[in-house]
K.L.:
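Dumping the structure here so I can ask a few things about it.
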Amino acid sequence: MSVDDLLRNHGLKKTTTRKQVLDIYLNTDHALAVADVEEALGDGVDRVTLYRTMGTFEEKGLLHKVYDDDGKLKFSLCSSDCSSHQHHDNHLHFHCRKCGKTTCIENVAVPEVEGLEGFDIQDVYMVANGTCKDCIQAA
Ligand SMILES: [Zn+2]
Ligand SMILES: [Zn+2]
Ligand SMILES: [Zn+2]
């Protein structure tokens with residue numbers, strides 16, 4: 001899927017920042033915090049525009065939030081069935097404590113939470129922490 005197709009499919013106008021940010025996500029295999037995206041974009045990126053772009057992407061179903069024990073909010077590219085109405089990113093995330101990378105494990109679904117009567121659950125996050133394959137192989 002190209003950057004242009006992704007923007008069009010999610011009803012977003014093409015802007016330089018949107019295209020640049022999506023391009024970064026399409027070329028990475030792990031979650032990125034806003035600061036990581038800012039660094040990848042280099043000088044000349046307007047921070048306010050960047051934050052707004054990330055927010056729009058989250059809202060429109062292009063990026064989903066990823067929480068890990070780094071304590072930094074990160075974002076990861078959504079699967080193709082996310083839209084502005086609903087995210088479907090109820091999968092496990094793996095956080096490597098060696099390299100700090102967090103990746104989507106899309107074939108492991110977060111289980112339904114049961115037995116919390118009277119509560120309104122909006123999000124459930126499941127993170128596995130440990131050492132990733134790359135770090136194990138490099139050791
Ligand atoms: Zn999503
Ligand atoms: Zn690692
Ligand atoms: Zn994910």
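Basis for what follows: all heavy atoms, side chains included, without hydrogens, waters or symmetry-related copies. Ligands are counted one by one from 1 in listed order, and the atoms in each one are counted from 1 as well.
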K.L.:
Just by distance, with hydrogens left out, do S2 and D4 show a side-chain donor and acceptor under 3.5 Å apart?
P.N.:
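Note: S2 and D4 side chains miss the donor-acceptor criterion.
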
K.L.:
Are D69 and R97 close enough for a salt bridge, meaning some N to O gap below 4.0 Å?
P.N.:
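Between R97 and D69 there is a salt bridge, with a charged N closer than 4.0 Å to a carboxylate O.
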
K.L.:
Quick one: CG on D36 to CD1 on I24, what's the gap to the nearest 0.5 Å?
P.N.:
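Going from the CG atom of D36 to the CD1 atom of I24 covers 10.0 Å.
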
K.L.:
At the Zn ion (ligand 1), what's the angle from C78 SG to C82 SG, rounded to 10 degrees?
P.N.:
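Answer comes to 110°, rounded to 10°.
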
K.L.:
To the nearest 10°, how many degrees is the angle C104 SG to the Zn ion (ligand 3) to H91 NE2?
P.N.:
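Taking the Zn ion (ligand 3) as the apex, I get 110° for this pair.
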
K.L.:
With 2.8 Å as the limit, jot down which protein N, O or S atoms are around the Zn ion (ligand 2).
P.N.:
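Those protein N, O or S atoms (cut-off: under 2.8 Å from the Zn ion (ligand 2)) are C96 SG, C99 SG, C132 SG, C135 SG.
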
K.L.:
With side chains defined as the heavy atoms from C-beta onward, is the minimum distance between Y67 and L73 less than 4.5 Å?
P.N.:
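Result yes, sub-4.5 Å side-chain heavy-atom pair found.
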
K.L.:
Flag the pair V45 / Q20 as yes when at least one side-chain heavy-atom distance between them is below 4.5 Å, and no otherwise.
P.N.:
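A side-chain contact is absent here, since even the closest heavy-atom pair is not under 4.5 Å.
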
K.L.:
So, do R18 and K13 sit near enough that their side-chain heavy atoms are less than 4.5 Å apart?
P.N.:
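The answer is yes, as the side chains (C-beta and beyond) meet within the 4.5 Å cut-off.
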
K.L.:
What do you get for the angle at the Zn ion (ligand 1) between ND1 on H87 and OD2 on D89, to the nearest 10 degrees?
P.N.:
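Output for this angle: 100°, rounded to tens.
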
K.L.:
Return the minimal non-hydrogen interatomic distance between L7 and K19, and the atom names on each side.
P.N.:
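Taking L7 first and K19 second, the nearest heavy atoms are CD1-CG, 3.8 Å.
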
